[in-house]
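Comments concern the structure below.
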Amino acid sequence: MGCTLVVDRPEGARVAEGGWGEKRVVKFPVMAGAEQDLLSTEIVNRGIELSGPNAGSLTFSVRVRRRLPDFVQSVNLKYVKLGYHYLINHAIYLATIPVLVLVFSAEVGSLTKEELWKKLWEEARYDLATVLAFFGVFVFTLSVYFMSRPRSVYLIDFACYRPHDDLKVSKEQFIELSRKSGKFDDASLEFQGRILASSGIGDETYVPKAVMSPENCSTMKEGREEASMVMFGALDELFDKTRIRPKDVGVLVVNCSIFNPTPSLSAMIINHYKMRGNILSYNLGGMGCSAGIIALDLARDMLQSNPNNYAVVVSTEIVSYNWYPGRDRSMLIPNCFFRMGCSAVLLSNRRRDYRRAKYRLEHIVRTHKGADDRCFRCIYQEEDDQRFKGLKISRELMEIGGDAVKTNITTLGPLVLPFSEQLLFFATLIWRQLFGGGNGSSSSTTTNSRGIQQATYCRPYIPDYKLAFEHFCVHAASKSALDELQRNLDLSDTNMEASRMTLHRFGNTSSSSIWYELAYLEAKEKVRRGDRIWQLAFGSGFKCNSVVWRSICRQRKPSRNPWLDCLERFPVPF
């Protein structure tokens, strides 16, 4: 039996050709040990060769990839400082309360009951001005505190759109429909098939019918039709669940990266629901898969400056408008992952909504790496040689994404981690800065008794984020991204279940994926009162953003949820 060896390799790799039975050597340029550690190999069975000189023989690929860097090994002290600075700025008033309590306790503790009663009643009875002055200062202090304290933002409810079953396609149907559309050659179809096989996506995701037609689907008409379907479907469910009239909404924020028509998507919603004329509407475009959290941040700022109001955040991506019909493999990857989806979230800053709200917003931390050219161009929309428009995915995406995630969670850590975890993490970080080479490296050299230099490794303390959060909703970008994040953050399969099941059932729905994951947790009735939920998303720019919620009550199984009809089949093996 013959065998063909195909090596997918990064720049600089070489392969010595030879026949069956001959030695085949893959050589890489000399690189540092840290770089070699980021390379991983994978043997992929490609089946039986149907044509060519090796027809009838087994064919396989040896795939060499760069893994996501172990970002907990190289934490930048600057971002730890940012987190502590943020914490101190927002919690300095807490430091004064224990001091005042101690002083008051010491003063009161030195008096007997008789002396205390004499001071409180007999002397104060004749000094009415002192009592009134003390009471005035007390009332003034409380008023300043409550007036300066930002209003709490509550999540009343949210909705995730589930498309009709006639738009559901399996992986085999996806390839077959792509073949019938006539837009792809055999090599492109084979490449997409290999990507789908290892993507973690299941056989029940949704795609618009227009993308499989022979005609061009990247038109304004097709984009508007898909936008109307997913946005109005999610909003209809949201308004029905919350019993809120569209005219009651004071702030509307819509985010969609690729499709940005005129009038805007926010204007489409206002026109469809006949919302009020003084509504504050915003339309965010071109901000990638993490734009949903950016939209939440904007809505929170608007609610802080507009008391007693409702805000609606709509997050979606229009698949048909960004469908790529060309042959550039880096642009074919989004076709394999992105699927239809949309979420709509209702927020409120009214204190009387506390009793019926589901969650309270705790923290939002945003990280932007756009100043670096590599980060800026790792996900880039452009035309190929045939003038077909698409998203080009860089080979360095995993490395860049890992660095952005590292920065974000380093800033978030001081805000959410228990003090014991912060102390151990910070002490280890200082130790590595002082004795780990002084440049953030994880090793230093020592000389043994024989005069030979040896590397002494100082592994950092990896904070246990499972102590800070009960539930994790990580953006369902791809199976490989979820695998690396799980490994680096030391999360369990249960922690990653919602993200993996969302990727399997709905695919990558861009900025709305974190809400399908939260819907999964609610459908499984896993969220209890007081639980903390961490939603983490990353996307083009390059950006990584986090939002932390605290559950106000135990979340019962909702009556309307995109998972209800298939919940008994999940989780599936992954």
Side-chain angles (χ1 to χ4, degrees), residues 38 40 42 44 63 65-72 160 171 194-205 288-290 292-293 317 333-334 336-339 341 367 378-379 393-409 412 462 464-466 469-521 524 526 533-540 542-547 563 570-574:
L38 294 180
S40 63
E42 177 185 0
V44 181
R63 187 171 298 162
R65 294 178 173 172
R66 287 181 64 88
R67 294 186 291 106
L68 188 69
D70 193 357
F71 45 79
V72 296
C160 297
K171 288 179 284 190
R194 295 202 307 270
I195 293 294
L196 282 172
S198 60
S199 64
I201 293 177
D203 292 325
E204 295 182 287
T205 58
C289 298
S290 64
I293 298 179
E317 193 58 74
I333 294 176
C336 303
F337 286 98
F338 285 102
R339 297 293 185 265
T367 302
C378 69
I379 302 178
I393 307 298
S394 169
R395 292 182 179 180
E396 300 175 323
L397 175 61
M398 295 292 287
E399 179 184 358
I400 291 170
D403 184 62
V405 172
K406 174 193 70 176
T407 303
N408 187 265
I409 67 174
L412 178 67
I462 303 174
D464 188 359
Y465 280 88
K466 297 187 292 295
F469 306 108
E470 283 74 29
H471 308 287
F472 298 80
C473 297
V474 181
H475 170 48
S478 66
K479 181 179 182 298
S480 58
L482 295 179
D483 288 344
E484 295 298 337
L485 282 168
Q486 179 178 2
R487 180 181 64 84
N488 279 276
L489 293 176
D490 194 25
L491 301 179
S492 66
D493 290 341
T494 302
N495 297 142
M496 298 297 292
E497 181 181 320
S499 299
R500 293 188 185 277
M501 296 307 103
T502 296
L503 180 65
H504 183 276
R505 177 64 179 86
F506 293 98
N508 183 345
T509 60
S510 189
S511 56
S512 63
S513 68
I514 55 178
W515 295 107
Y516 285 87
E517 295 163 15
L518 185 54
Y520 178 85
L521 295 173
K524 288 286 187 177
K526 293 187 176 183
I533 299 96
W534 181 19
Q535 291 180 317
L536 174 68
F538 38 87
S540 61
F542 194 87
K543 299 179 288 294
C544 180
N545 302 314
S546 294
V547 58
W563 295 90
F570 289 92
V572 298
F574 52 87

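This is a predicted model, so every value here is computed, not measured.
Atom CZ of residue F469 and atom CD of residue Q535 lie 11.0 Å apart, to the nearest 0.5 angstrom. If you take CG on L489 and NZ on K406, they are separated by 13.5 Å, rounding to the nearest 0.5 Å. Between the CE atom in M398 and the CD atom in E484 there is a gap of 5.0 Å [rounded to 0.5 Å]. Once rounded to the nearest 0.5 Å, the distance linking CG of L485 with CG of N495 reads 12.5 Å. In this structure, the separation between SG on C160 and CH2 on W515 is 8.5 Å, given to the nearest 0.5 Å. From I333, atom CD1 reaches atom CG of L196 across 11.0 Å, with rounding to the nearest 0.5 Å.
The side chain to side chain contact (heavy atoms under 4.5 Å, CB included) test applied to S511 returns N255, S315, not counting sequence neighbours. With sequence neighbours excluded, the residues that form a side chain to side chain donor-acceptor pair (under 3.5 Å) with S478 are S480. In this structure N408 satisfies the side chain to side chain donor-acceptor pair (under 3.5 Å) test together with T367, S546, sequence neighbours excluded. In this structure, F542 has no ring pair (Phe, Tyr, Trp, His ring centres under 6.0 Å) partners at least two apart in sequence or on a different chain. Judged as a side chain to side chain donor-acceptor pair (under 3.5 Å), and not counting sequence neighbours, T502 has no contacts. Here H504 pairs with F570, V572 under the side chain to side chain contact (heavy atoms under 4.5 Å, CB included) rule; sequence neighbours left out. Judged as a side chain to side chain contact (heavy atoms under 4.5 Å, CB included), and not counting sequence neighbours, the contacts of A498 are E517, Y520, L521. With sequence neighbours excluded, no residue forms a side chain to side chain donor-acceptor pair (under 3.5 Å) with K524. Checked against ring pair (Phe, Tyr, Trp, His ring centres under 6.0 Å), Y465 has the following partners two or more places apart in sequence or in another chain: W534. Remark: Q486 pairs with L491, D493, M496, R500 by the side chain to side chain contact (heavy atoms under 4.5 Å, CB included) rule, at least two apart or across chains. Checked against salt bridge (Lys or Arg N to Asp or Glu O under 4.0 Å), K479 has the following partners two or more places apart in sequence or in another chain: D483.
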What verdict does the side chain to side chain contact (heavy atoms under 4.5 Å, CB included) test give for M501 and W563, after you've listed the backbone C-alpha separation in whole Å, the side-chain angles of each residue and the deciding distance to 0.1 Å?
CA-CA 10 Å; M501 296 307 103; W563 295 90; 4.1 Å; yes

Take D464 and D490 through the test side chain to side chain contact (heavy atoms under 4.5 Å, CB included) and record every step on the way to the result.
CA-CA 8 Å; D464 188 359; D490 194 25; 5.8 Å; no

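Y516 is listed as a side-chain neighbour of T509, based on a closest heavy-atom distance under 4.5 Å. For the pair K526 and E497, the minimum side-chain heavy-atom distance is below 4.5 Å. You'll find the side chain of L518 reaches within 4.5 Å of the side chain of I533, heavy atoms only. No side-chain heavy atom of F472 sits under 4.5 Å from any side-chain heavy atom of S499.
Listed here is the closest heavy atom pair of H475 and N508: CE1-OD1, 3.2 Å. The shortest non-hydrogen separation linking C378 to L397 is SG-CD1, 4.0 Å. Residues L536 and C544 approach most closely at CD1-SG, 3.5 Å, considering heavy atoms. In terms of heavy-atom proximity, K543 sits nearest to S290 at CB-OG, 3.6 Å. When all heavy atoms of I514 and C473 are compared, the pair lying nearest together is CG2-O, 3.7 Å. Considering all non-hydrogen atoms of both residues, C336 and I195 come closest at CB-CG2, 3.6 Å.
Distance alone, capped at 3.5 Å, places no donor-acceptor pair between the T205 side chain and the I201 backbone. Using a distance-only test at 3.5 Å, with no hydrogens or angles considered, no donor-acceptor pair links the side chain of R505 to the main chain of G202. In terms of modelled atom types and a separation under 3.5 Å, the side chain of N545 and the main chain of I293 share no donor-acceptor contact.
Tested against E317, the residues S512, C289, S510 include a single side chain to side chain contact (heavy atoms under 4.5 Å, CB included) partner, S510.
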